[in-house]
**Q** 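Please read through the structure below; I'll follow up with questions.
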Protein chains: 2
Amino acid sequence: MGMLREPLDEIQSCGLPSALEVMGERWSFMILRAAFNGLHHFEEFLGELGIARNILSNRLARLVEHGIMKREHMPDDRRKIEYRLTAKGLDLLPAMLALRQWGEKYGVGVPANPVLCDTRDGQPIAPIAIHAHDGRPLAPVELEWRNRADIGKALHAPEDDAVRPRLNVL
Amino acid sequence: MGMLREPLDEIQSCGLPSALEVMGERWSFMILRAAFNGLHHFEEFLGELGIARNILSNRLARLVEHGIMKREHMPDDRRKIEYRLTAKGLDLLPAMLALRQWGEKYGVGVPANPVLCDTRDGQPIAPIAIHAHDGRPLAPVELEWRNRADIGKALHAPEDDAVRPRLNVL
DNA sequence: GCGATAGGTATTAAGTTGCAACCTGAAACG
DNA sequence: CGTTTCAGGTTGCAACTTAATACCTATCGC
């Protein structure tokens, strides 16, 4: 299949376009979720997702090509191929969960099952959130964009709270 | 524009399909990022993203329709329309950041600018990660899928570590 | 060998995207 | 107060992507 779309990356210095190059495609996240749920084979994905064979084939190939999954013949049955998440693929778990939790929060009647839990106490994980480098949770008002050059600098007097830039979306 | 695609939701009980219904479309996340960077107007998005007018128009309409952004005439100049993130839109920040951080980690030469920082000390935020309900950070080996019915139950003897299901992707 | 199974490819219709040209209503200008 | 400019679109069309379905190829179990 061709690829004459606008690259979508290099638009600004930000990793988002490069992430979306693979994960922005229709079905990529659904395939990833299925993989996180323990699916490993072509026909399993096919049955679970209700996707067309050719599209699934193409998407798996792209995920493999981008190092998100790896593709291996099974030694005991050489018809079978095993698709498995790589470390790079596993690293997408927070993004996938954040998106899923958002969908659950605002979607219609989606009580979500199964739920990702802490093995230690069997309780569901916390909502994915933003934390400071030292682990403090951060609310939107405590956030601001900074140029790389200004990291760690005192840009505004602490008492001058009203003038602080913050996320300029609030 | 028509909408005869497979719904992509209702496939399983999980919020992901419903999240992807809007955010899975090409450009949606890029528009969101631009909005988080403080852009509010049609022509601003157009210039920043290099997207076609009709597509931008369509995507903004869909974001508004889904309650992610709101659209308001500016009272001082009635030609201008202001697009602004709603609470629902702001709630996508963790998902957007997780995706962006992943792209930065694995993308080619993307040092990312500007960077989201804590107003308190001007330091960049921590990587988006998974935490237990009590705030402890959780590694992949400490995670397992559970049916809603089994939340909080002791499913496996603590000493029987090898048999524990975990993420069955590891 | 022979049917079933796993994982694809090929063909074609339908839907989506991107480009460029055009439209509309509200400022701004003189 | 007529004309120009600006903001925010819409329309038409060609190119591309997706989906559905049929077909292909290598194992495997018997």
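Proteins get letters first, then strands, A, B, ... in listed order; numbering begins at 1 in each.
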**Q** Nearest-Å distance, CG (A:Leu46) to C1' (D:dA19)?
**A** 12 Å

**Q** Just to verify, which of A:Arg84, A:Lys80, A:Arg79 counts as forming a salt bridge (Lys or Arg N to Asp or Glu O under 4.0 Å) with A:Glu82?
**A** A:Arg84

**Q** What residues from residues 70-82 of chain A pass a heavy-atom cutoff of under 4.0 Å to DNA chain D?
**A** A:Asp77, A:Arg78, A:Arg79

**Q** Just the rounded figure in Å: distance from P of D:dT18 to CZ of B:Arg26.
**A** 10 Å

**Q** Whole angstrom is fine here: how far is it from CZ in A:Arg59 over to P in C:dG8?
**A** 15 Å

**Q** Quick one: pull up NE2 in A:His66 and OG in A:Ser28 and give me the separation to the nearest 0.5 Å.
**A** 9.5 Å

**Q** Between the main-chain N or O of A:Pro94 and the side-chain N or O of B:Trp102, is there a donor-acceptor pair closer than 3.5 Å?
**A** no

**Q** Looking at D:dA7, I'd like to know if its phosphate oxygens (OP1 or OP2) sit under 4.0 Å from a side-chain N or O belonging to B:Tyr83.
**A** no

**Q** Can you check whether A:Arg136's main-chain N or O pairs, donor with acceptor, with A:Asp134's side chain at less than 3.5 Å?
**A** yes

**Q** Just by distance, do the side chain of A:Asn113 and the backbone of B:Arg148 share a donor-acceptor pair under 3.5 Å?
**A** yes

**Q** For the side chain of B:Arg71 and the backbone of B:Leu60, is there at least one donor-acceptor N/O pair under 3.5 Å apart?
**A** no

**Q** Between C:dG7 atom C1' and A:Leu56 atom CG, what is the distance in whole Å?
**A** 10 Å

**Q** Determine yes or no for a side-chain-to-main-chain donor-acceptor pair under 3.5 angstrom, with B:Thr86 supplying the side chain and B:Gly67 the backbone.
**A** yes

**Q** Base, sugar-phosphate or nothing for A:Phe45? Non-hydrogen atoms, less than 4.0 Å.
**A** nothing

**Q** Considering only nitrogen or oxygen atoms on both sides, find all protein atoms under 3.5 Å from nucleotides 9-11 of chain C and state each distance.
**A**
from	atom 1	to	atom 2	distance (Å)
C:dT9	OP2	A:Ser57	OG	3.0

**Q** Look at B:Trp27 and C:dG18 and indicate whether a side-chain polar atom (N or O) is within less than 4.0 Å of OP1 or OP2.
**A** yes

**Q** Please report, rounded to the nearest Å, how far the P atom of D:dT17 is from the CD atom of A:Glu21.
**A** 13 Å

**Q** What's the NE2-P distance between B:His40 and D:dG8, to the nearest Å?
**A** 12 Å

**Q** Respond yes when some side-chain nitrogen or oxygen of B:His41 is under 4.0 Å from OP1 or OP2 of D:dG8, and no when none is.
**A** yes

**Q** Does B:Glu72 come within less than 4.0 Å of B:Lys70, counting only side-chain N to carboxylate O?
**A** no

**Q** Are A:Leu32 and A:Val115 linked, directly or through other ILVMFWY residues, by side chains that come within less than 4.5 angstrom of each other?
**A** no

**Q** Whole angstroms only, please: what is the CG-P distance between A:Leu49 and D:dT18?
**A** 15 Å

**Q** Can you tell me how far P of C:dT17 sits from CD1 of B:Ile31, to the nearest Å?
**A** 11 Å

